[in-house]
Amino acid sequence: MLSLAQRGEKVAPSSTLAITAQINAMQAEGIDVVKFGAGEPDFDTPDYIKEAAIAAINEGFTKYTAVSGMPELKEAIVEKFKRDNGLAYKPAQVIVSCGAKHTIYNILQAICNPGDEVIFCAPYWVSYPEMVTLADATSIVIETTPAQNFCMSPEQIESAVTDKTKAIIINSPSNPTGTVYDVEALRQIAEIAVKHRCYVISDEIYESLLYDGLKHQSIASFSEEIKEITFVVNGVSKAYSMTGWRIGYTAGPEKAISAMSRIQSHSTSNPTSIAQKAAVAALTGPQTAVETMRQAFEERRNAICQRFDEIDGVTYVKPQGAFYIFPDFSAHYGRTIKGRRIDGCMGMKTYLLEDARVGVIPGNGSGADKHLRLSFATSLEEINRGLDRIKGALER
Ligand SMILES: *Cc1c(COP(=O)(O)O)cnc(C)c1O
């Protein structure tokens, strides 16, 4: 039988990648498109990190390592959690995977049985529902509004929890909204998880990109009880501009980490040895490059917000972290501009791309049709050029 497995049918392809391909095709035709689609920093990986990888190659560090990460990197991760988050782990509570995406996939594979429920909010990162589906579990999506900063309230979570709840996913700062959970709300969410005995998956990949003087606090840091049931997910992609190196990691309950390691041992084995060496350098080296990039993102955040303030009928929640803004364009939906009717976020995406030559990501892939995501991981010049075009296109 040459039929394919239902597994592949059940998951949607990444809409972000499809639109990125469309934008790139236009560029290849010589069309000048301003791109706000990027899900990654636009900076180069810092030199001291690249040099560590080159040294690893020259020294012949090019063979298999331990499946769940080499001891030197696990020690560096243990040290990072202590230094940045006040969290004490043993190396056996840490796994290194091929990106934070892979580590979240492994977590869900390790904890979910058919029928289990996983709670997270909309707007969500596009991969959460698909990874839950691939683990045969059910997504329980809590709708959030701009008024609540796109953060689930403890009350919403409390009423969504059932005896099938396996985990709650928290992503703060968030992709696609850039919003950050309030510390007091996080503390209450931790209490709910402890009370109902469900795991917390805390995706902290944007931890280092916070603005307005905010400081990151991991939900795992409130008590020993919550730490024991929390998976703290992080990686080097966003903080060190290392998306292509594919190194992410999780610290969490030892039994679950060991199950994740068994699963990983039969799929990818260890993440690339050379990239692991680079990650050691990233985590243990001078952290000045991280702060330099953060400052650049904050300046861009300020610029893009200021430009959106000049556009009628578009509202937004000011991002407090990450490098995305997620404005509500729905006041323009249903309009007919230049003979073209704007239907939902896909219609707006197409109008902005084909008429204004600006590439943005529609919010429906994140469960939020009123919104479109713009990444400000691009230069101030491009931000200004793109926002001029958007303003012009919507004022017609
Ligand atoms: C980018 C991103 C990740 C994954 O990054 P990796 O490159 O796989 O380490 C995880 N979660 C969110 C919310 C992201 O935006």
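Counting starts at 1 for both ligands and their atoms, following the listed order.
Using modelled atom types, one side-chain atom of E298 and one backbone atom of D212 make a donor-acceptor pair closer than 3.5 Å. Between the side chain of T144 and the backbone N or O of C121, no donor-acceptor pair lies under 3.5 Å.
Heavy-atom contacts of N171 reach the following atoms of ligand 1: 13 (C) (cutoff under 4.0 Å). Of all atoms in ligand 1, listed by their number and element, those nearer than 4.0 Å to a heavy atom of G99 are 8 (O), 9 (O). Counting the atoms of ligand 1 from 1 in the order shown, those under 4.0 Å from a heavy atom of Y206 are 1 (C), 13 (C), 14 (C), 15 (O). Close approach of ligand 1 to S237 is summarised as follows: ligand atoms under 4.0 Å from at least one heavy atom of the residue are 6 (P), 7 (O), 9 (O). Near D203, the atoms of ligand 1 lying under 4.0 angstrom from a non-hydrogen atom of the residue are 10 (C), 11 (N), 12 (C), 13 (C).
R300 contributes atom CZ, which lies 6.5 Å from atom CG of L380 (distance to the nearest 0.5 angstrom). Between the CD atom in Q217 and the CD atom in E204 there is a gap of 10.0 Å [rounded to 0.5 Å].
Using a 4.0 Å heavy-atom cutoff, G248 is absent from the residues neighbouring ligand 1. Residue contacts with ligand 1: G235 is excluded, as none of its non-hydrogen atoms falls under 4.0 Å.
Of the protein's heavy atoms, K238 NZ, 1.4 Å lies nearest to atom 1 (C) of ligand 1. Of the protein's non-hydrogen atoms, the one nearest atom 9 (O) of ligand 1 is A100 N, 2.6 Å.
Relative to the six-membered ring of F308, K318 misses at least one condition, a distance below 6.0 Å or an angle of at most 45° to the axis.
Linking Ile, Leu, Val, Met, Phe, Trp and Tyr residues whenever their side-chain heavy atoms come within less than 4.5 Å places W125 and Y199 in a single cluster.
Other residues, nucleotides and ligands contribute at most 12 non-hydrogen atoms within 6.0 Å of the CZ atom of R197.
Contacts between R246 and ligand 1 below 4.0 angstrom, taking non-hydrogen atoms only, involve the side chain exclusively.
In terms of polar-atom proximity, defined here as any N/O pair under 3.5 Å, N175 does make such a contact with ligand 1. Among the atoms of H102, none of the N or O lies under 3.5 angstrom from an N or O of ligand 1.
Of all non-hydrogen atoms in H371 and Y333, the two that sit nearest each other are N-OH, 3.8 Å.
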